[in-house]
Amino acid sequence: MDKSSDFYSRVYELVRCIPAGKVTTYGIIAEFLGSKGSSRMVGWALNAVIDRIDIPCHRVVNRLGELSGKMHFDHPMQMKDRLLEENITFIGETVDLSKHLWKPDDSFNDLI
DNA sequence: CGGGTGACTTTAC
DNA sequence: CGTAAAGCCACCC
């Protein structure tokens with residue numbers, strides 16, 4: 001596999017590898033990609049692929065577990081609904097990161 | 001190259 | 001809890 005040099009492509013591959021029942025944050029993704037400060041671009045990249053079912057953009061939340069991108073879905077509830085389907089536990093409108101936080105190097109390592 | 005933009009993050013009030 | 005401001009960086013024009 002060609003190692004995607006594009007920041008966007010890396011985001012897509014990374015997000016695509018998020019296991020069900022787990023979530024990650026924009027900051028972690030950006031940091032793993034080597035650009036900690038580009039956390040905003042992570043969401044920007046996901047916005048371009050929100051139509052692609054291959055990429056579970058609903059598993060990406062901000063550092064507090066808040067569904068910051070829910071309003072970009074067809075319906076805001078769609079994001080939370082999908083997470084609930086994967087046994088994600090919520091604290092109000094916030095994901096319980098202490099139980100569901102996932103980090104790339106878990107099994108990613110040399111995939112990218 | 002420069003300016004605008006943003007699903008972030010942190011600090012402050 | 002809320003809003004405000006600044007820092008951050010890749011992408012687009």
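Keep in mind the model is a prediction, meaning the values are calculated, not measured.
Here the side chain of A:R59 pairs a donor or acceptor atom with the backbone of A:I18 at under 3.5 angstrom. Of the possible polar contacts, one joining the A:H100 side chain to the A:T89 backbone as a donor-acceptor pair under 3.5 Å is found. A distance-only check finds no donor-acceptor pair linking the side chain of A:T94 to the backbone of A:G65 [under 3.5 Å].
Contact between A:V61 and A:M79 at its shortest, heavy atoms only, is CG1-CE, 4.2 Å.
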### Message
Go through it in stages, so that I can follow the logic: the residues are A:K80 and A:E93, the test is side chain to side chain contact (heavy atoms under 4.5 Å, CB included), and I'd like the CA-CA distance, side-chain angles, deciding distance and then a yes or no.
### Response
CA-CA 8 Å; A:K80 184 178 180 181; A:E93 294 296 311; 2.9 Å; yes

Polar atom pairs (N or O), protein with nucleotides 6-8 of chain C, under 3.5 Å:
residue, atom, partner, partner atom, Å
C:dG7, O6, A:R40, NH1, 3.0
C:dG7, O6, A:R40, NH2, 3.1
C:dC8, O2, A:R40, NH1, 3.2
C:dC8, N3, A:R40, NH1, 3.0

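Each of A:N62 and A:M41 lies near DNA chain B, and the nucleotide nearest A:M41 is the one positioned closer to the 5' end.
Residue A:I29 contributes atom CD1, which lies 12 Å from atom P of B:dC8 at whole-angstrom precision. Protein atom CZ of A:R10 is 15 Å distant from nucleotide atom P of C:dC9, rounded to whole Å. Rounding to whole angstrom units, CZ of residue A:F7 and P of B:dC8 are separated by 13 Å. Put simply, NE2 on A:H72 is 9 Å from P on B:dG6, counting in whole angstrom units. Nucleotide C:dC9 holds its P atom 19 Å from the CZ atom of A:F32, rounded to whole Å. A:E31 places its CD atom 12 Å from the C1' atom of B:dT9, with the value rounded to the nearest Å.
Under a hydrophobic clustering in which Ile, Leu, Val, Met, Phe, Trp and Tyr are joined whenever their side-chain heavy atoms come within less than 4.5 Å, directly or via other members, A:F7 and A:Y12 fall into the same cluster. A:I88 and A:L46 fall into different hydrophobic clusters, where Ile, Leu, Val, Met, Phe, Trp and Tyr residues are linked whenever their side-chain heavy atoms come under 4.5 Å apart, directly or through other members.
Shown for residues 42-52 of chain A: residues whose heavy atoms fall under 4.0 angstrom of DNA chain B, namely A:G43, A:W44, A:L46, A:N47, A:I50.
Within the 4.5 Å cutoff, the side chain of A:P104 has no heavy atoms near those of the A:I29 side chain.
Proximity note for A:Y8 (side chain, C-beta onward) versus B:dA7, C:dA10, C:dC11: the nearest is C:dC11.
Checking each of A:N62, A:L101, A:L83, A:L64 against A:V95 for a side-chain contact (heavy atoms from CB on, under 4.5 Å) leaves exactly one that passes, namely A:L83.
If you take atom C1' in C:dC13 and the same atom in B:dA7, they sit 22 Å apart, rounded to whole Å.
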